[in-house]
Chemist: 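Supplied in structure tokens, the structure appears directly below.
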Protein chains: 2
Amino acid sequence: MLSKKTKYGLKALAYLATVGDKEPVQIAEIAKHENISQKFLESILLTLRRNGFLGSKKGKGGGYYLIKDPSEILMTSVMRVLEGPIAMVPCVSLNFYEKCDDCPDEGECSVHKLMLQVRDSALEVYRNNTLADLIS
Amino acid sequence: MLSKKTKYGLKALAYLATVGDKEPVQIAEIAKHENISQKFLESILLTLRRNGFLGSKKGKGGGYYLIKDPSEILMTSVMRVLEGPIAMVPCVSLNFYEKCDDCPDEGECSVHKLMLQVRDSALEVYRNNTLADLIS
DNA sequence: CTTTTATCCTATAGTTTTAGTAGATTAATT
DNA sequence: AATTAATCTACTAAAACTATAGGATAAAAG
């Protein structure tokens, strides 16, 4: 299941992309427009900022804004930051690889074989979608 | 993330498929061979039996066995029983559809648009893989 | 320089899901 | 009757998820 965090984060990014201008948008406005708990959204936007997707400005007239053009924001990177690994098991993860404790030989593992395909198909989707694609 | 339940269930099915004959295999043997907690595996095999994948026999010489040929066991059905919906959000689920509380219009939702593609790509993988494919 | 506005940041609490454990029961075989 | 192995219910510990609380910080307006 997609976490609420990721869902809300994506919606917030999409909202910022539709607003268009690089003018800061307040958390409260995003939260209200997308029906998200403001405090929860706050922490999500913070991680998006810390990971280079958003800029922010404090005080009156402040808020969050996209740093890059929506067409340059790939879903692979957004998903990795918000949701974590794209792979469903660590042993097929490109960026978060870990060996399974219980599995003596990955080459022989049926789960490995299946999840490799799932990872590749998901990757293809995320690589083919930028933020711009989602709002058009 | 793939749950341990699904992972172990898949491994157990794969093991039963490699053993081949329709002779019952004991939980203890599967658990040992696949490095799985026996009691946990017990409950997993039970749900696989209740959902028509396995047959069982009690007493000496008893155990679990595949009811169908591995080539007739689709990953779509296995995944739905063990892991639940294939879709990452209920609003794009074929078998477990639910409307989002917060989303006024699915057609306009960026998350919906993205997750539809992810679901379709995952479905294609699961539909193209039977248990037989995983052990070859 | 004070007030207001809005982000920043840490800690924590409540709920749900996951991953197992315990122990008694039932059915089949010897 | 004894043994073997699945069946079933209930329970628990740990982790993850979904927030919430409350103060600190920074920018702008007056």
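In what follows, chains carry the letters A, B, and so on, assigned in the order in which the sequence lines appear, proteins first and then strands, with residues in each chain numbered from 1.
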Chemist: Is the phosphate of dA5(D) approached by Ser56(B) (side-chain N or O, under 4.0 Å from OP1 or OP2)?
Modeler: no
Chemist: Taking atom C1' of dT5(C) as reference, at what distance in whole Å does atom NZ of Lys58(A) sit?
Modeler: 12 Å
Chemist: Can you check whether Asp133(A) reaches Leu114(B) side chain to side chain, under 4.5 Å on heavy atoms?
Modeler: no
Chemist: Reckon Ser43(B) has a side-chain N or O less than 4.0 Å from the OP1 or OP2 of dG20(C)?
Modeler: no
Chemist: Go through dC9(C), dT18(D), dA19(C) for me and flag the one nearest to the Phe40(B) side chain.
Modeler: dA19(C)
Chemist: Measure from CD on Glu83(A) to P on dA16(D) and round the result to the nearest Å.
Modeler: 13 Å
Chemist: Using whole Å, what does the distance between atom P of nucleotide dA6(D) and atom CG of Leu48(B) come to?
Modeler: 14 Å
Chemist: Could you give the CD1-to-P distance, from Ile30(B) to dA5(D), as a whole number of Å?
Modeler: 13 Å
Chemist: Distance check: side-chain N/O of Lys57(B) vs OP1/OP2 of dT29(C), anything under 4.0 Å?
Modeler: yes
Chemist: Are the side chains of Val81(B) and Arg50(B) in contact, using a 4.5 Å heavy-atom criterion?
Modeler: no
Chemist: Starting at CD1 of Ile44(A) and ending at C1' of dC17(D), how long is that distance when rounded to a whole Å?
Modeler: 11 Å
Chemist: Do Lys113(B) side-chain atoms and Ser136(A) backbone N/O form a donor-acceptor pair below 3.5 Å?
Modeler: yes
Chemist: Whole angstroms only, please: what is the CD1-P distance between Ile36(B) and dG20(C)?
Modeler: 10 Å
Chemist: Under 4.0 Å, counting only non-hydrogen atoms across every strand here, what does Lys39(A) touch: a base, just sugar-phosphate, or nothing?
Modeler: base
Chemist: With the side chain of Lys60(A) defined as its heavy atoms from C-beta on, choose the nearest nucleotide among dT5(C), dA28(C), dT7(C).
Modeler: dT5(C)
Chemist: Starting from Leu74(B), can I reach Leu16(B) by hopping between I/L/V/M/F/W/Y residues whose side chains sit under 4.5 Å apart?
Modeler: no
Chemist: Judged by atom type as modelled, is there a donor-acceptor pair below 3.5 Å linking the side chain of Lys11(A) to the main-chain atoms of Asn35(A)?
Modeler: no
Chemist: Can you check the Leu2(B) CG to dT18(C) P distance for me, whole Å?
Modeler: 11 Å
Chemist: Taking the side chain of Arg49(A) as heavy atoms from C-beta outward, which of dT7(C), dC9(C), dC8(D) is closest to it?
Modeler: dC9(C)
Chemist: I want to check one thing: is the phosphate of dA19(D), taken as OP1 and OP2, less than 4.0 Å away from some side-chain N or O of Tyr8(A)?
Modeler: yes
Chemist: Roughly how many Å is it from CG in Asp101(B) to P in dT18(D), rounded to a whole number?
Modeler: 13 Å
Chemist: Of Glu42(A) and Gly59(A), whose closest DNA chain C nucleotide lies nearer the 5' terminus?
Modeler: Gly59(A)
Chemist: Closest approach to the side chain of Gln26(B), judged atom by atom: which nucleotide of dA5(D), dT10(C), dA19(C) is it?
Modeler: dA5(D)
Chemist: Contact class for Leu45(A) vs. all strands (heavy atom < 4.0 Å): base, sugar-phosphate, or nothing?
Modeler: nothing
